[in-house]
2 protein chains.
Amino acid sequence: MLKNSQFIDKLRQSGLRPTKQRLKICEVLFNREKTFHFTINDLAKSILEKLNEKISLATVYNTVHAFKKKGYLKEISINSDKSYFDTNITNHHHFFDEDTNQLIDCDNDNIENINIKNNITGKKVKSVEVLIKVASDNQNQN
Amino acid sequence: MLKNSQFIDKLRQSGLRPTKQRLKICEVLFNREKTFHFTINDLAKSILEKLNEKISLATVYNTVHAFKKKGYLKEISINSDKSYFDTNITNHHHFFDEDTNQLIDCDNDNIENINIKNNITGKKVKSVEVLIKVASDNQNQN
DNA sequence: AAACTATATTATAATTATTCTAAACTATTG
DNA sequence: CAATAGTTTAGAATAATTATAATATAGTTT
Ligand SMILES: [Mn+2]
Ligand SMILES: [Mn+2]
Ligand SMILES: [Zn+2]
Ligand SMILES: [Zn+2]
């Protein structure tokens, strides 16, 4: 449970002004036990529910992108309809539950280390991530 | 190099009428050496260039989705801006070149078999795919 | 603290990818 | 060939995201 002043410091350190809106968004994003996987819409809804506060959608977009740029959030693509973001910024794998459309972190030691025998020549590996799609047995595989 | 009549048979077999447009799209998609990774826009452009033919965008969307449903194409999510499709319908991994925004197939035996120790309870694994993001050394990691 | 300047917020418009609609067209079947 | 069921099409509708430009705020200077 981080306090406001800690968020203020963090934001200042990364050259972001600690505005009222950004602090609210920090609260919603980072004051939670577990990793938060969300769409912009989820976040906007969360802000409204948790804080009973309305922040302009544009600001939510701006802030999420600012936080991503500073490395406090990462973007995940599982679905081309909308972007998902992740408060777990480490390199990690995901389960994607096709029944519920939920992203779930996959513990890194749940999967053996992945070794790429031949990389593209002249390129450097930036990340290696596994996406495991799951569904209840009877599900249509779309 | 498949002939028209082979496409006609294939389409008939899957209950799709072999229309002029679908045949053209088959030509562009499947008469090539290597796997084709494309966006709808790439495909539309290809149709125009290769066949000097204009097919309505709605038809391109319809056809791609019909082909996907029949299992002749698969959809890949690397980027939430737009959908990528793949003529390689097997379970396989990808390199994504961040410099060029190109998807490249990763040979399955380029990566050791992936074993998931603990799956989500009550769910069945539908697919396990690795995405390896690469870039030239000096690239900013966005 | 007032003034100044750089940044951030906001409502709203614009853009882009994708899907929907409904009318015109075409492949298939009898 | 005629009936019909499926397909194509242009254009409208929708939804996510980004751009704009006026207003507000934070940090800095005086
Ligand atoms: Mn984005
Ligand atoms: Mn979209
Ligand atoms: Zn995660
Ligand atoms: Zn592929």
Side-chain angles (χ1 to χ4, degrees), chain A residues 4-5 7-28 37-48 51 53-70 72-73 75-85 101 142, chain B residues 4-5 7-28 37-48 51 53-70 72-73 75-85 101 142:
Chain A
N4 230 265
S5 66
F7 290 133
I8 292 179
D9 290 348
K10 198 83 190 250
L11 288 171
R12 282 230 178 81
Q13 275 164 39
S14 35
L16 295 173
R17 288 187 179 172
T19 62
K20 196 165 81 250
Q21 292 83 346
R22 286 178 176 162
L23 289 170
K24 294 289 177 193
I25 292 174
C26 278
E27 267 186 68
V28 173
H37 294 105
F38 62 96
T39 64
I40 295 288
N41 218 61
D42 295 336
L43 178 54
K45 207 187 297 175
S46 256
I47 293 165
L48 218 69
L51 309 178
E53 192 96 14
K54 189 203 148 39
I55 296 179
S56 159
L57 235 206
T59 302
V60 180
Y61 272 99
N62 288 342
T63 304
V64 164
H65 283 122
F67 286 6
K68 179 191 168 188
K69 183 138 62 176
K70 294 299 176 181
Y72 303 142
L73 288 176
E75 195 168 359
I76 313 274
S77 292
I78 6 80
N79 169 303
S80 50
D81 291 356
K82 56 192 98 199
S83 255
Y84 281 66
F85 293 87
N101 262 44
N142 117 279
Chain B
N4 231 266
S5 66
F7 290 133
I8 292 178
D9 290 347
K10 198 85 188 249
L11 288 171
R12 282 233 175 80
Q13 274 164 39
S14 35
L16 294 173
R17 286 191 181 168
T19 63
K20 197 164 81 252
Q21 292 83 345
R22 286 177 176 161
L23 289 170
K24 295 288 179 195
I25 292 174
C26 279
E27 268 186 68
V28 174
H37 294 106
F38 63 96
T39 64
I40 295 287
N41 218 60
D42 295 336
L43 179 54
K45 206 187 296 175
S46 256
I47 293 165
L48 218 69
L51 309 178
E53 191 94 15
K54 189 204 148 39
I55 296 179
S56 159
L57 235 208
T59 303
V60 180
Y61 272 99
N62 287 343
T63 305
V64 165
H65 283 122
F67 286 5
K68 179 189 168 191
K69 182 137 65 174
K70 295 299 179 184
Y72 303 142
L73 287 176
E75 195 169 0
I76 314 274
S77 292
I78 6 81
N79 169 302
S80 49
D81 292 354
K82 54 194 98 200
S83 256
Y84 280 67
F85 293 88
N101 262 45
N142 118 279

| Toward the 5' end of DNA chain C, which comes first, B:A58 or B:R12, by nearest nucleotide? | B:A58
| Toward the 5' end of DNA chain C, by each residue's nearest nucleotide, B:K82 or B:I8 |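 Residue closer to the 5' terminus by nearest nucleotide: B:K82.
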| Between the main-chain N or O of B:R17 and the side-chain N or O of B:R22, is there a donor-acceptor pair closer than 3.5 Å? | yes
| task | May I ask you to decide if A:L16's main-chain N or O and A:S14's side chain share a donor-acceptor pair within less than 3.5 Å? | result | no
With heavy atoms under 4.0 Å as the rule, sort [X] into base, sugar-phosphate or nothing.
X	value
B:N62	base
B:S83	sugar-phosphate
A:T19	sugar-phosphate

Residue [X], side-chain atoms from C-beta onward, closest of [options]:
X	options	result
B:L57	D:dT8, C:dT18, D:dA16	C:dT18
B:R17	D:dG6, C:dA8, D:dT8	D:dG6
A:Q21	C:dT19, C:dT10, D:dT18	C:dT10
A:T59	C:dA8, C:dT10, D:dT17	C:dT10
A:R22	C:dT28, C:dT19, C:dT9	C:dT9
B:I55	D:dA10, C:dA17, D:dT9	D:dT9

| query | For D:dT30, what is the paired nucleotide under Watson-Crick or G-U wobble rules, both distances under 3.5 Å? | reply | C:dA1
From [atom1] of [X] over to [atom2] of [N], roughly how many Å is that when rounded to an integer?
X	N	atom1	atom2	result
A:L43	D:dA16	CG	P	15 Å
A:N79	D:dA15	CG	P	15 Å
A:K20	C:dT10	NZ	P	7 Å
A:F38	D:dT17	CZ	P	11 Å
B:Q13	C:dT28	CD	P	14 Å
A:K24	C:dA8	NZ	C1'	17 Å
B:L23	D:dG6	CG	P	19 Å
B:D81	D:dT17	CG	C1'	8 Å

| Heavy-atom distance under 4.5 Å between the side chains of B:H65 and B:F85, does that happen here? |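 Contact flag for B:H65/B:F85 side chains = yes.
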| field | Note, B:D42 side chain near B:T39 side chain (heavy atom, < 4.5 Å) | value | yes
It should be established whether [X] places a side-chain nitrogen or oxygen under 4.0 Å from OP1 or OP2 of nucleotide [N].
X	N	result
B:Y61	C:dT19	no
A:H65	D:dT18	yes
B:S56	D:dT8	no

| Non-hydrogen atoms of B:N101 and B:Y84 that approach each other most closely | O-OH, 3.7 Å
| query | When the nearest nucleotide of DNA chain D is assigned to B:L16 and to A:T39 on a heavy-atom basis, which residue is associated with the more 5' position? | reply | B:L16
| said: Applying side-chain contact (heavy atoms from CB on, under 4.5 Å) to A:E27 and A:N4, what does each step give before you reach the verdict? | reply: CA-CA 8 Å; A:E27 267 186 68; A:N4 230 265; 4.0 Å; yes
